[in-house]
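Chain letters run A, B, ... following the sequence lines, proteins first, then strands; residues in each count from 1. Computed from a predicted structure; not experimentally measured.
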There are 2 protein chains.
Amino acid sequence: MEGRSRQPASSDDRPHAQGEPAVWSNAAMDRVRTDAGARPPRATIIDVAREAAVSPATVSRVLTGTKPVSADLEQRVRAAVNRLGYRPNPAAQGLLRGATHAVGVVVPDVGNPYFAEVLKGVTNAAEESDFRTLVADTGEKGGAEHDAALELSRWADGVVLCSPRMPQRELAKLAQAVPHLVCVNRVGRGGQVPAVVVDFEAGMAAICRHLRELGHRRIAYLRGPARAWSERARQRALRAASGPDFEVLQVPCGSSSADGRRAADAALATRATAVMAFSDYVALGVLARFDELGVSVPGDVSLTGFDDIALSELLRPRLTTVKVSKQDLGRRAWELFAASGDVGGGESGRVVTAIPELITRDSTAPPATATTPLPKTAKA
Amino acid sequence: MEGRSRQPASSDDRPHAQGEPAVWSNAAMDRVRTDAGARPPRATIIDVAREAAVSPATVSRVLTGTKPVSADLEQRVRAAVNRLGYRPNPAAQGLLRGATHAVGVVVPDVGNPYFAEVLKGVTNAAEESDFRTLVADTGEKGGAEHDAALELSRWADGVVLCSPRMPQRELAKLAQAVPHLVCVNRVGRGGQVPAVVVDFEAGMAAICRHLRELGHRRIAYLRGPARAWSERARQRALRAASGPDFEVLQVPCGSSSADGRRAADAALATRATAVMAFSDYVALGVLARFDELGVSVPGDVSLTGFDDIALSELLRPRLTTVKVSKQDLGRRAWELFAASGDVGGGESGRVVTAIPELITRDSTAPPATATTPLPKTAKA
DNA sequence: CTGTTAGCGCATTCAC
DNA sequence: GTGAATGCGCTAACAG
């Protein structure tokens with residue numbers, strides 16, 4: 001594309017670094033050998049058949065193992081396959097079989113360790129059944145979920161929707177358009193769409209109980225995305241736990257650690273003795289901001305998360321939270337998809353519930369005094 | 001499959017929770033309506049053609065926009081498409097065009113925030129060009145990379161290999177079998193395979209310089225995976241920086257925070273005044289273990305990371321590290337792939353280098369004394 | 001057991 | 001401009 005030097009490129013594998021915009025440099029380390037487009041065209045099943053001097057059908061039979069083939073021919077075919085490095089074209093197979101052997105996964109944000117783990121769970125489980133995984137990252141934009149799922153549904157045999165933020169009726173409509181839709185952390189009206197969900201109510205209840213037992217009476221709750229089903233479940237638990245001796249102050253927040261960081265000040269302003277974050281990921285941000293403000297956890301305020309991501313026990317203080325097996329969530333979602341296939345798509349409406357477990361660590365303690373402590377110092 | 005109750009399932013969307021093994025419960029919330037397999041079969045282009053009373057070719061022309069179509073017919077077709085909710089079958093398109101409009105991404109571990117970000121970068125960039133993304137997670141098993149890439153190469157038009165740990169010759173062989181292979185953080189012999197890499201040498205050099213300026217003379221380095229190309233690059237920088245007044249002690253470690261946690265004690269045992277971790281992710285584990293041991297950072301020892309993952313500035317102390325634009329890495333890899341397509345696969349051997357930037361934060365400080373401090377207390 | 005035939009859903013030649 | 005025919009790579013039905 002651009003001019004190229006004829007210099008044979010230092011034999012070492014060390015790239016040289018030079019400026020281009022910002023930190024990026026386009027090392028003009030041009031190709032060495034000029035065997036450019038000399039790549040042999042991909043072998044087809046016909047090539048293999050010719051090579052082995054058999055019919056394509058025989059090759060197919062050897063590879064799929066559907067019908068018995070004589071030992072002699074089988075050897076010839078295998079040899080030819082290896083020699084040519086033949087691998088069947090999945091698109092063609094899919095076209096014929098009407099199934100692609102792939103699953104789609106829609107996540108709000110792969111950067112969020114929670115979803116990364118769920119994705120990993122699906123991927124690993126799918127791999128065991130020799131299924132490929134397609135991902136779509138909606139960037140926390142609920143509006144993009146519908147289209148992403150619809151698109152993936154054409155590529156894959158089923159779609160796993162992680163924590164969809166879309167409205168209920170949109171989900172219902174989607175479920176009708178997408179053959180094997182499985183939700184994670186969301187159950188639709190009456191549970192028509194198969195789902196694997198965490199029992200958020202139980203989890204929040206456990207956290208509330210823990211806080212109450214420690215003596216907290218005034219709690220700030222950092223809300224997650226308004227449209228998240230899990231948020232509504234949490235709210236139910238909060239309502240149930242609320243009372244004259246257990247006041248829950250709602251603070252808008254979000255689902256990322258950046259959101260947590262931003263909301264930390266507002267949480268403090270409630271003069272609560274404990275802060276419940278929507279998730280561990282959010283709590284992370286809160287912790288950072290509290291530290292900046294010189295607010296000690298749990299000395300000045302207690303803090304809780306949700307999910308028990310790997311980081312939470314690496315943090316200081318180690319976070320009190322509720323443990324959810326994220327990879328299992330993904331794996332279960334996969335299983336739900338796999339099962340739905342067996343029954344021909346009729347078996348919808350299965351909901352699998354994961355019971356989370358309270359993990360008491362260092363970020364919670366009894367309130368320092370009857371009244372809410374204020375930051376020791378402002379802005380470290 | 002199992003017996004089902006006729007109970008109409010509580011109209012609420014709250015799943016009930018009951019025991020099964022461990023924390024999982026299979027809520028027997030059966031399907032409500034019995035419209036089981038009543039899903040209409042997916043519409044094909046022929047259905048649309050019939051519905052619009054035109055030929056399939058016309059439908060195709062409207063959808064692909066290759067040839068002009070009269071306004072009248074165009075309207076009829078579009079209406080039919082909407083009515084039927086038709087979406088072309090990508091497998092069929094792929095078969096015909098010989099390209100799938102998908103990229104594969106092979107990562108050692110999606111749970112690692114570094115790779116999650118790179119993956120996100122690829123996904124987002126691909127999406128903009130209307131490409132799908134396929135992922136394979138090799139679980140840090142270098143042996144699985146080759147097969148994963150090979151497999152993905154049949155599904156996708158190209159494959160992005162993230163930080164492959166496979167031996168050089170295996171990579172070379174792979175590059176020959178996979179049409180559009182792009183590496184992240186690895187350049188093969190002479191750079192035949194297009195790659196986008198971080199200039200690890202520059203990064204490590206910057207860290208060494210920083211540490212030396214602070215007065216550190218005895219440093220422990222927590223090694224990454226032996227087979228990682230980036231590790232070898234780091235070693236080069238270390239060798240260059242080493243000298244009588246700057247001693248680098250090597251400690252085997254790995255690439256995960258769990259590895260870091262395990263290696264922390266050994267790092268301490270070197271009696272170094274500063275510890276350089278292979279990555280931020282590793283440093284995370286080190287920090288946690290140090291805290292357990294009552295070793296203060298940077299009071300007793302300084303600690304550095306690499307990559308500047310989002311967490312690193314949320315941690316306390318905030319980690320001194322070297323900043324790498326992880327999403328950009330992914331995006332650039334995508335661009336390399338896209339570009340390689342334009343030139344027909346001949347343009348191999350492009351290497352793009354990202355220059356990282358030192359970020360000085362709170363985890364580094366001058367050494368406390370001339371001699372290495374020992375842990376204040378053992379096992380907090 | 002093996003080879004031959006047909007067609008999955010689509011875009012793209014060709015004729016008109 | 002439009003429609004009818006062809007074939008992408010593969011496997012499932014049929015013959016033999």
(message) Measure CD/B/Gln93 against P/C/dC8 and give the value in whole Å, please.
(response) 17 Å
(request) Please state how far atom CD1 in B/Ile45 lies from atom P in C/dT12, giving the value in whole angstrom units. (result) 11 Å
(request) Rounded off to whole Å, could you give me the CD1-to-P distance for the B/Ile46 and C/dT12 pair? (result) 17 Å
(request) With DNA chain C as reference, determine whether A/Ser55 or B/Leu63 sits nearer its 5' end, using the nearest nucleotide of each. (result) A/Ser55
(message) Distance check, rounded to the nearest 0.5 Å: A/Arg331 atom CZ versus A/Lys326 atom NZ?
(response) 15.0 Å
(request) Find the distance B/Leu95:CG to C/dC8:C1' and express it as a whole number of Å. (result) 9 Å
(message) Using whole Å, what does the distance between atom P of nucleotide C/dG9 and atom CZ of A/Arg97 come to?
(response) 15 Å
(message) Ignoring hydrogens and geometry beyond distance, is a side-chain donor-acceptor pair present between B/Asp157 and B/Thr100 at under 3.5 Å?
(response) yes
(request) Using a strict 4.0 Å threshold on nitrogen-to-oxygen distance, state whether B/Arg165 and B/Glu140 make a salt bridge. (result) yes
(request) Give the first and the last nucleotide of DNA chain D, reading 5' to 3', that has any atom under 4.0 Å from a heavy atom of chain B. (result) D/dG1 to D/dG9
(request) Find the distance between OG1 (A/Thr138) and CG (A/Asp109) and round it off to the nearest 0.5 Å. (result) 8.0 Å
(message) Under 4.0 Å between a side-chain nitrogen and a carboxylate oxygen: does that hold for A/Glu151 and B/Arg87?
(response) yes
(request) Answer with base, sugar-phosphate or nothing: what part of the nucleic acid does B/Thr44 contact at a heavy-atom distance below 4.0 Å? (result) sugar-phosphate
(request) Measure the distance from CG on A/Leu96 to C1' on C/dA6 and round it to the nearest whole Å. (result) 10 Å
(request) Would you kindly give the CG-to-P distance between B/Asn89 and C/dA11, to the nearest whole Å? (result) 10 Å
(message) Tell me whether A/Arg227 at atom CZ has more than 12 heavy atoms from other residues, nucleotides or ligands lying less than 6.0 Å away.
(response) no
(request) Please list, by residue number, the residues of residues 64-88 of chain A whose heavy atoms come closer than 4.0 Å to an atom of DNA chain C; answer none if no residue qualifies. (result) A/Val69, A/Ser70, A/Leu73
(request) Answer yes or no: is there a side-chain heavy-atom contact under 4.5 Å between B/Val103 and B/Trp334? (result) yes
(request) Would you mind telling me which of B/His180, B/Glu335, B/Arg350 makes a side chain to side chain donor-acceptor pair (under 3.5 Å) with B/Ser340? (result) B/His180
(message) Nearest heavy atom decides the nucleotide; on that basis, is B/Arg154 or B/Arg61 closer to the 5' end of DNA chain D?
(response) B/Arg61
(request) Please state whether the phosphate of C/dG3, meaning OP1 or OP2, lies under 4.0 angstrom from any side-chain nitrogen or oxygen of A/Thr58. (result) yes
(request) Decide, yes or no, whether a salt bridge links A/Glu51 with A/Arg76 under the criterion of side-chain N to carboxylate O below 4.0 Å. (result) no
